[in-house]
A.B. asks: 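Got a structure for you, questions after.
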Amino acid sequence: MEHSHITRAGRYVKQPSGYRAFIPAPLPPNPPIVLDPGLLRLLSKADRALGRLDGVTSTLPNPELFVAMYVRQEAVLSSQIEGTQSTLEDVLEFEVDASGRDHPKDVAEVVNYIDAMRHGLERLEELPLSLRLLREIHARLLQGVRGQHRTPGEFRKNQNWIGPTGSTLHTATFIPPPVPEMRDALGKLERFLHDTDTHPDLIHCALAHAQFETIHPFLDGNGRVGRLLVTFLLCEREILQQPLLYISHYLKAHRLEYYDRLTAIRHQGDWEGWLRFFLRGIFEVSQGATKTARAILTLRDEHRQLISDVLGNTTNGLHLLDFLFRRPLVTVRMVEEELNSSYVTANKLVTQFEELGLLNETTGFQRNRRYRYEPYLRLFESYMPVSVPVDDDDVQATESEDPTS
């Protein structure tokens, strides 16, 4: 095979049918990463910002009350990068009534992402971050949704490519390694995932994410799995105790630069440019997540005090407030079940919360009413655009045009 355009990140190799596929070099990069003063400063700032975020987690009276919203937020934003139109509100509505007919068709993809993240974090307690775990995550992501026919839970057996809708292997923007080279690259990536000594954790995390996206081992869902990989690495190494980082917010806001940075790795071997981009993102998103966490703590204290002042020291009132941090869109029936109370008691409490300005009725109906914990949801709204244009830059074929694949 003809070899051309070799960089420190790998090489483009001409295949028998004429297209050029990229064969990544194993990590760590060679020559090694140059940690110049600017990159070191960025690394230090990102580390400190992540430390502050993790520190806020330790002050939360019950972290599980708040993690669910961060996970939902990351799921919505990560899925929007791949072209879904579902919003946070759609996800909350779906959780209240999955049988509803008015949900966007792609909301199930976001719900799958939430399930995949939770499953992955639970499995990390008994299984190291590995190719096996990534396959499990992929299977959950694609279960019953768009892409479910693209071998969920299995690495591809055919050549894929990235490009606008209608592109072919000969007009694609980028062609990942053919299947044999993909398998070899995955084995080497797995060994790198277990290397805890060669690089600082955030550098290691950035290198692993970029390498996974370059290998592109699935027929669909590579972007989402690659972003989940960032969360799993941070939690496995106990940099974060809880998945409170929504890195997809940064990647979505800087989508074109994100793709350009990955391309520069492949074309010029510019790992340092990618690292600067990634570390800026960790710093910015950590700051935003920390600000949100502190605002949540303040809000909870204020609302607990309000409930005590107006309703008295009511166990049900404080119980409902905690429930709203987990499920900020509720019905009276949901409250009845959570409090293990009568419907009359639940309805009265919901009405009292509405009078206090804690809940807003959203349907205008007399029956089957739904209530929104508005003050809490407003804390997340600045990160949740209503919709985004469909991104066509990650279209992959399910069949190979290369007879050698």
Side-chain angles (χ1 to χ4, degrees), residues 7-10 24-58 70 74 120-121 124 128-131 133-134 185-215 225-251 254 257-258 261-262 264-266 268-290 293:
T7 74
R8 69 199 281 223
L27 295 175
N30 185 26
I33 296 295
V34 178
L35 289 174
D36 61 30
L39 198 50
L40 282 171
R41 282 194 298 272
L42 268 176
L43 176 59
S44 178
K45 289 176 64 175
D47 270 330
R48 286 200 307 271
L50 262 183
R52 284 193 294 269
L53 175 58
D54 195 54
V56 170
T57 305
S58 66
Y70 281 84
E74 170 65 12
L121 293 172
L124 280 177
L129 190 50
S130 58
L131 300 182
L133 180 55
L134 293 181
L186 281 172
K188 291 172 179 174
L189 175 61
E190 184 173 50
R191 287 194 289 275
F192 180 74
L193 291 178
H194 299 155
D195 177 5
T196 59
D197 301 322
T198 305
H199 294 94
D201 289 325
L202 288 181
I203 300 293
H204 182 275
C205 187
L207 295 175
H209 171 80
Q211 188 80 336
F212 178 85
E213 296 302 333
T214 292
I215 297 170
V225 175
R227 290 185 286 278
L228 281 167
L229 178 60
V230 173
T231 299
F232 294 153
L233 277 169
L234 292 174
C235 290
E236 182 183 49
R237 297 196 172 195
E238 298 183 345
I239 300 168
L240 285 178
Q241 301 300 315
Q242 299 287 344
L244 298 181
L245 192 76
Y246 28 82
I247 189 65
S248 294
H249 176 250
Y250 177 79
L251 299 181
H254 303 278
E257 184 180 358
Y258 172 47
R261 288 293 101 221
L262 292 177
I265 293 172
R266 300 154 188 163
Q268 289 94 41
D270 185 12
W271 283 107
E272 287 78 10
W274 159 251
L275 291 174
R276 282 190 286 272
F277 173 78
F278 182 85
L279 292 174
R280 280 198 304 270
I282 293 292
F283 172 72
E284 290 181 15
V285 172
S286 296
Q287 284 191 310
T290 301

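When reading the values below, keep in mind they use all heavy atoms of this one structure, side chains included, and skip hydrogens, waters and symmetry mates.
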A.B. asks: Give a yes or no on whether the backbone of Ala289 and the side-chain of Tyr246 come within a donor-acceptor separation of less than 3.5 Å.
C.D. replies: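 Here the side-chain-to-backbone pair exists.
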A.B. asks: Can you tell me how far CG of Leu244 sits from CD of Glu74, rounded to the nearest 0.5 angstrom?
C.D. replies: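 Rounded to the nearest 0.5 Å, the CD-CG separation comes to 11.5 Å.
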A.B. asks: Any idea how Trp274 and His209 line up, ring-wise: parallel (<30°), tilted (30 to 60°), or perpendicular (>60°)?
C.D. replies: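 Because their plane-to-plane angle is under 30°, the rings of Trp274 and His209 count as parallel.
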A.B. asks: Salt-bridged, Asp270 to Arg8, with N to O below 4.0 Å?
C.D. replies: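 No.
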A.B. asks: With side chains defined as the heavy atoms from C-beta onward, is the minimum distance between Thr7 and Gln268 less than 4.5 Å?
C.D. replies: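 They are not in contact (no side-chain heavy atoms under 4.5 Å apart), so the answer is no.
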A.B. asks: I want to check something: taking the side chain as every heavy atom from C-beta on, are Leu27 and Asp195 in contact at a cut-off of under 4.5 Å?
C.D. replies: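 The answer is no; the side chains never approach within 4.5 Å.
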A.B. asks: Counting C-beta onward and ignoring hydrogens, is there a side-chain heavy-atom pair between Leu229 and Leu129 closer than 4.5 Å?
C.D. replies: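 Side-chain contact under 4.5 Å: yes.
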A.B. asks: Side-chain contact, heavy-atom cut-off 4.5 Å: Ile215 with Pro24?
C.D. replies: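 Yes, side chains in contact.
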A.B. asks: Applying salt bridge (Lys or Arg N to Asp or Glu O under 4.0 Å), which residue pairs with at least one partner in residues 233-247 are found, sequence neighbours left out?
C.D. replies: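 Only Asp201-Arg237 qualify under salt bridge (Lys or Arg N to Asp or Glu O under 4.0 Å).
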A.B. asks: Looking only at heavy atoms, what is the nearest atom pair of Phe232 and Gly120, with distance?
C.D. replies: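 Scanning both residues completely, I find the closest heavy atoms to be CZ-CA, 3.7 Å.
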A.B. asks: Could you tell me the separation between the CD1 atom of Ile203 and the CZ atom of Phe278, rounded to the nearest 0.5 Å?
C.D. replies: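 Interatomic distance, Ile203 CD1 to Phe278 CZ, rounded to 0.5 Å: 9.0 Å.
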A.B. asks: Would you indicate whether the side-chain heavy atoms of Leu279 and Leu39 approach each other to under 4.5 Å?
C.D. replies: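 Yes, at least one pair of side-chain atoms sits under 4.5 Å.
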A.B. asks: Measure the spacing between CG of Leu134 and CG of Leu189 and express it to the nearest 0.5 Å.
C.D. replies: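 Taking CG in Leu134 and CG in Leu189, the distance rounds to 8.0 Å.
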A.B. asks: State the CG-CG distance between Leu275 and Leu43, to the nearest 0.5 angstrom.
C.D. replies: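 CG of Leu43 is found 9.0 Å from CG of Leu275.
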A.B. asks: A side-chain contact here means heavy atoms from C-beta on lying under 4.5 Å apart; do Leu240 and Leu50 qualify?
C.D. replies: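 They are in contact (side-chain heavy atoms under 4.5 Å apart), so the answer is yes.
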A.B. asks: Kindly determine whether Arg266 and Thr214 satisfy side-chain hydrogen bond (donor to acceptor under 3.5 Å, both in side chains), including the steps that lead there.
C.D. replies: CA-CA 8 Å; Arg266 300 154 188 163; Thr214 292; 2.9 Å; yes
A.B. asks: What distance do Leu131 atom CG and Phe212 atom CZ have between them, rounded to the nearest 0.5 Å?
C.D. replies: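 It comes to 9.0 Å.
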A.B. asks: Using the test side chain to side chain contact (heavy atoms under 4.5 Å, CB included), find all partners of Thr231 that sit at least two apart in sequence or belong to another chain.
C.D. replies: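 So Thr231 forms a side chain to side chain contact (heavy atoms under 4.5 Å, CB included) with Met117, Cys235, Pro243.
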A.B. asks: Under 3.5 Å, is there a donor-acceptor pair between the side chain of Gln211 and the main chain of Ala9?
C.D. replies: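 It does not hold such a pair.
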A.B. asks: To check you understand the geometry: which heavy-atom pair defines the closest contact between Glu272 and Pro32, and what is its length?
C.D. replies: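 Glu272 and Pro32 have their closest heavy atoms at OE2-O, 4.2 Å.
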A.B. asks: Checking the side chain of His204 only, and the main-chain atoms of Phe192 only, is there a donor and an acceptor separated by less than 3.5 Å?
C.D. replies: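 Checked: pair present.
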A.B. asks: Any idea which heavy atoms bring Gly273 and Arg261 closest together, and the distance?
C.D. replies: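 What the structure gives for the nearest pair is O-CD, 3.4 Å.
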A.B. asks: Which atom pair, heavy atoms only, marks the closest approach of Gly226 to Glu213?
C.D. replies: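 That would be CA-OE2, 3.1 Å.
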A.B. asks: Taking the six-membered ring for Trp, is the centroid-to-centroid distance between Phe283 and Tyr250 below 6.0 Å?
C.D. replies: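 Ring-ring flag for Phe283/Tyr250: false, centres at least 6.0 Å apart.
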A.B. asks: Can you tell me how far CG of Leu124 sits from OG of Ser130, rounded to the nearest 0.5 angstrom?
C.D. replies: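 If we round to the nearest 0.5 Å, Ser130:OG and Leu124:CG are 8.5 Å apart.
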A.B. asks: Within the 4.5 Å heavy-atom criterion, are Ile282 and Leu245 side-chain neighbours or not?
C.D. replies: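 Ile282 vs Leu245: side chains touch.
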A.B. asks: Any side-chain heavy atom of Phe277 sitting closer than 4.5 Å to one from Leu251?
C.D. replies: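 Yes, their side chains come closer than 4.5 Å.
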A.B. asks: Do any pairs count as a salt bridge (Lys or Arg N to Asp or Glu O under 4.0 Å) and have a residue in residues 26-47, sequence neighbours left out, and if so which ones?
C.D. replies: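 Every pair satisfying salt bridge (Lys or Arg N to Asp or Glu O under 4.0 Å) with a residue in residues 26-47: Asp36-Arg276.
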